[in-house]
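Let me begin by presenting the structure, written as structure tokens, before commenting on it.
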Amino acid sequence: MRRLWLVRHGPTGAGGMCGWTDLPADLSDQAALNRLSLALPVAPVVSSDLVRAVATADAIAEDRPRLPHEPALREMHFGAWEMRRHDECAAEDPVLAHALWDDPGRHAPPGGESWDDMSGRVLGAMDRLLTATGGDLIAVCHFGPILACLQRARGIPAREAMGQRIAPLSLSVIRIEGGLWQVEAADLRP
């Protein structure tokens with residue numbers, strides 16, 4: 001048995017859909033970072049290559065082995081809708097905006113990726129990283145990638161997965177045994 005320890009990066013203060021936009025994280029809450037680090041095992045730490053995840057991973061890594069940044073762990077790419085609010089996008093294309101949230105999976109923002117594409121990218125990377133490390137893994141990433149892992153573990157539809165809260169600097173834990181993923185904890189704030 002092993003565990004996948006999923007940490008969401010620190011808050012960005014973004015007011016719109018922040019996917020591949022490389023915003024920094026606010027890591028001024030040192031007490032929260034310390035509590036988070038204490039809740040984690042001694043295991044390799046990997047992060048997406050976006051600065052908000054890299055800086056968060058660096059802040060909690062301490063003496064843990066640090067793996068190279070993994071671009072496949074990035075947030076969903078919102079294309080032309082990057083950094084825009086949902087109401088703005090809905091005014092521009094109400095049918096697509098509604099479909100993106102009400103029937104996620106195959107729908108993608110203009111020039112962006114669908115939930116299914118993001119999920120496939122992230123889960124493929126997690127499988128590869130877990131195989132390479134052979135044990136527990138700490139992954140510092142984003143809202144969408146964490147939800148994709150929870151979706152797999154719970155066997156739920158994308159729409160249900162997207163309705164869950166995953167706060168900045170929260171911890172979710174997936175137990176993996178015999179190839180089966182099970183949620184041990186989600187959205188913990190140590």
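Along the sequence shown, residues are numbered consecutively beginning with 1.
- With salt bridges taken as basic N to acidic carboxylate O contacts below 4.0 Å, none links R52 and D26.
- Side-chain contact between D136 and L130 is absent, with no heavy-atom pair separated by less than 4.5 Å.
- With 3.5 Å as the limit, one finds a donor-acceptor pair spanning the side chains of H142 and S48.
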Take M1 and I176, measure what side chain to side chain contact (heavy atoms under 4.5 Å, CB included) needs, and give me the verdict at the end.
CA-CA 6 Å; M1 183 197 52; I176 305 164; over 6 Å; no
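- Residues R2 and T133 have side chains that never bring a donor and an acceptor to within less than 3.5 angstrom of each other.
- Of the possible donor and acceptor atoms, one in the side chain of R121 sits under 3.5 Å from a partner among the backbone N and O of R74.
- Within the model, atoms CH2 of W81 and CD of E88 stand 11.0 Å from one another, a figure rounded to the nearest 0.5 Å.
- Remark: W20 pairs with H77 by the ring-ring contact (aromatic ring centres under 6.0 Å, His included) rule, at least two apart or across chains.
- By the 4.0 Å N-to-carboxylate-O rule, R66 lies close enough to D58 to be salt-bridged with it.
- Side chains of R159 and Q151: no donor on one and acceptor on the other come within 3.5 Å.
- Between the side chains of S172 and R8, not a single donor N or O lies within less than 3.5 Å of an accepting N or O.
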Next item on the list: Let me see the working for L6 and M126 under side chain to side chain contact (heavy atoms under 4.5 Å, CB included), right down to the final yes or no.
Entry: CA-CA 11 Å; L6 299 162; M126 290 298 189; 3.7 Å; yes
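- Using a 4.0 Å cut-off between charged nitrogen and carboxylate oxygen, R154 and E160 do not count as a salt-bridge pair.
- Cluster annotation: W115 is connected to L100 through the hydrophobic network of ILVMFWY side chains, with a link wherever side-chain heavy atoms come within less than 4.5 Å.
- Applying the side chain to side chain contact (heavy atoms under 4.5 Å, CB included) rule to A108 yields the partners S114; only residues at least two apart in sequence or on another chain are considered.
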